[in-house]
Amino acid sequence: MPLFALIDCNNFYCSCERLFRPDLRRRPVAVLSNNDGCVVARSAEVKALGIAMGTPLFQIRHLVKQHDIVLFSSNYGLYADISARVMASLRAFSDHLEVYSIDEAFIDLTAAQADLASCGQAIREQLYRHVGVPVSVGIAPTKTLAKLANGAAKRFRQCHGVVDLSQPERQRRLLALTPLEEVWGVGRQLGPRLARLGIRTALQLAEMDVRFVRQRFSVVLERTVRELNGESCLELEEVPAPQKQLVCSRSFGERIETYDELRQALSQLVCQAAARLRHQALKAGIVTLFIRTSPHDTQQPYYGNRASTSLGEASNDSRVLLPLALRLFDKLWREDLRYAKGGVQLEGLCPADQVQPGLFHSPQDEGKGKQLMQALDRLNQSGRARVYFGAQRPEADWFMTRTLLSPAYTRSWDELPQVR
DNA sequence: TCTGGGGTCCTAGGACCC
DNA sequence: TCTGGGGTCCTAGGACCC
């Protein structure tokens, strides 16, 4: 029988902020999305106030004031660095590890000798000592059950952060206690559809007939049902699958109403996406551009649209991608609207050195282009100069309002925490 | 007034092939 | 009145995840 452990950091972004601010350890802390728009991470104290994940900040201003909630803008660089430390520390416990998200990893515990609960406690203690981040551990024979176990480890204080669900009787008991919507793979749509069939708990879902589920729903939900019954259908994915798409999109800090400004904002995003491609040594074969107004805006009709085009030969050269994107932009642009968001999506990704050359491919041009882009990336990364295309206007900052940003504790010599 | 960003997978249907 | 069988590929849309 396989055995998975799911390690999930508690309130990860909040824990990262608290790591360098021990004075906040017992205070309510929340981290906000880009533009300080929505709450995306909540400390236990904030969850206890009934503030849901994704709540817009403006709706809870009164609670922030009343309970003196400490707010932070997202500091993605910090979270990425702390995540890397968490994953590195976890590798001590198993050679087989899948980084599932920025704050979660599955490890293979099939060969674990010690008793599983103490193994889980050892993981918790080491991560707290080495990294300083509190985690919860769920152990079970399938990933879906391990997710459930992890949820229980967080919910029930008497579990001390670890739930071992290797025994079928315990699985059944927890399934009966778990609402349907908390099952991994059951979201906003499936929940109500299943509820209409009288399914309300994870146990009821587990007891459904798999053929019926397959027929009425999908193979995805069928796998969930099987996994809830202890039949492992999802393997540990130690080697991440190659990325299939790359998206750079932003909600604008302020609405954009003019052609020039929107064009510049999108140019900025396209160049950013191209730089990310180059950084990852990838090329893209399809470019899609999209813009939209705010769906919450009652003053104007909603407008959202996208357009895409294929490249003759996959590329990561900004000089190729940008003009294509700008042609798409002209197809999408409509006058007299207040635009709230836009972005670019790159697909047909392949390793930069495995591109099928186009009919008129010129190795000389390709070599020069590559050197030019390298020079451009080096300059822009150095922080000493900025090189950009005429269509861009990088000094304009349409995007981030990040007024509550914490220091770059892990990335800048000038912002290292000071200890006295 | 103010509502995030970045991903994956599956399915159905259409176009096309021999 | 009767109108084959077996495929692939692509896209859009829907659903899910963190």
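Letters go in sequence order (proteins before strands), and every chain restarts at 1.
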Is the shortest heavy-atom distance from the side chain of A:Leu349 to the side chain of A:Lys283 under 4.5 Å? no
Reading DNA chain B in the 5' to 3' direction, which nucleotide is the first one with an atom under 4.0 Å from a heavy atom of chain A, and which is the last? B:dC2 to B:dT11
May I ask you to say what A:Asp36 touches in the nucleic acid, namely base, sugar-phosphate or nothing, with a heavy-atom cut-off under 4.0 Å? nothing
All N/O donor-acceptor pairs, side-chain side in residues 136-156 of chain A, below 3.5 Å, sequence neighbours left out:
| residue | atom | partner | partner atom | Å |
| --- | --- | --- | --- | --- |
| A:Ser136 | OG | A:Asn10 | OD1 | 2.8 |
| A:Thr142 | OG1 | A:Leu145 | N | 3.1 |
| A:Thr142 | OG1 | A:Glu227 | O | 3.0 |
| A:Lys143 | NZ | A:Glu98 | OE1 | 2.6 |
| A:Lys143 | NZ | A:Glu235 | O | 2.7 |
| A:Thr144 | OG1 | A:Glu227 | OE1 | 2.6 |
| A:Lys147 | NZ | A:Glu104 | OE1 | 2.5 |
| A:Asn150 | OD1 | A:Lys154 | NZ | 3.1 |
| A:Asn150 | ND2 | A:Leu6 | O | 2.8 |
| A:Asn150 | ND2 | A:Ser136 | O | 3.0 |
| A:Lys154 | NZ | A:Asp8 | OD1 | 3.3 |

Applying ring-ring contact (aromatic ring centres under 6.0 Å, His included), can you list everything that pairs with A:Phe12, at least two apart in sequence or on another chain? none
Which part of the nucleic acid, if any, lies within contact of A:Leu246, taking any heavy atom under 4.0 Å across all strands shown: a base, the sugar-phosphate backbone alone, or nothing? sugar-phosphate
NA contact type, A:Gln245, heavy-atom cut-off 4.0 Å: base, sugar-phosphate, or nothing? base
Looking at residues 215-236 of chain A, who's got a heavy atom less than 4.0 Å off DNA chain C? none
Hey, is A:Arg129 close enough to A:Glu125 for a salt bridge, meaning N to O under 4.0 Å? no
Check side chain to side chain donor-acceptor pair (under 3.5 Å) between A:Arg276 and all other residues, then give those that pass, not counting sequence neighbours. none
Which residues satisfy the salt bridge (charged side-chain N to carboxylate O under 4.0 Å, His left out) test with A:Arg319, sequence neighbours excluded? A:Asp317
For residues 186-207 of chain A, run the donor-acceptor check on the side chains, cut-off 3.5 Å, and write out each pair with its distance to 0.1 Å, sequence neighbours left out.
| residue | atom | partner | partner atom | Å |
| --- | --- | --- | --- | --- |
| A:Arg193 | NH2 | A:Arg216 | O | 3.0 |
| A:Thr201 | OG1 | A:Leu203 | N | 3.4 |
| A:Thr201 | OG1 | A:Gln204 | N | 3.1 |
| A:Gln204 | OE1 | A:Arg200 | N | 2.7 |
| A:Gln204 | OE1 | A:Thr201 | N | 3.0 |
| A:Gln204 | NE2 | A:Gly198 | O | 3.4 |

For DNA chain C, which residues in residues 180-209 of chain A have a heavy atom at a distance below 4.0 Å? A:Val183, A:Trp184, A:Gly185, A:Val186, A:Gly187, A:Arg188, A:Gln189, A:Leu190
Would you please name every residue forming a ring-ring contact (aromatic ring centres under 6.0 Å, His included) with A:Phe4, sequence neighbours left out? none
Ring pair (Phe, Tyr, Trp, His ring centres under 6.0 Å), paired with A:Tyr339, selected from A:Trp333, A:Phe290, A:Phe252, A:Tyr302: A:Trp333
Pairwise side-chain contact, A:His96 with A:Ile107, heavy-atom cut-off 4.5 Å (strictly under): no
The ring-ring contact (aromatic ring centres under 6.0 Å, His included) partners of A:Phe72 (sequence neighbours excluded) come to none
Is it the case that the side chain of A:Asn316 and the backbone of A:Ala275 share a donor-acceptor pair, with hydrogens and angles ignored and the cut-off at 3.5 Å? no
Taking a pair as Watson-Crick (N1 to N3 plus N6-O4 or O6-N4) or G-U wobble (N1-O2 and O6-N3), both under 3.5 Å, which stems of 3 or more consecutive pairs involve DNA chain B? B:5-18 with C:5-18
Can you pull out every salt bridge (Lys or Arg N to Asp or Glu O under 4.0 Å) where at least one residue sits in residues 18-37 of chain A? Sequence neighbours excluded, please. A:Arg18-A:Glu45, A:Arg21-A:Asp23, A:Arg27-A:Asp68
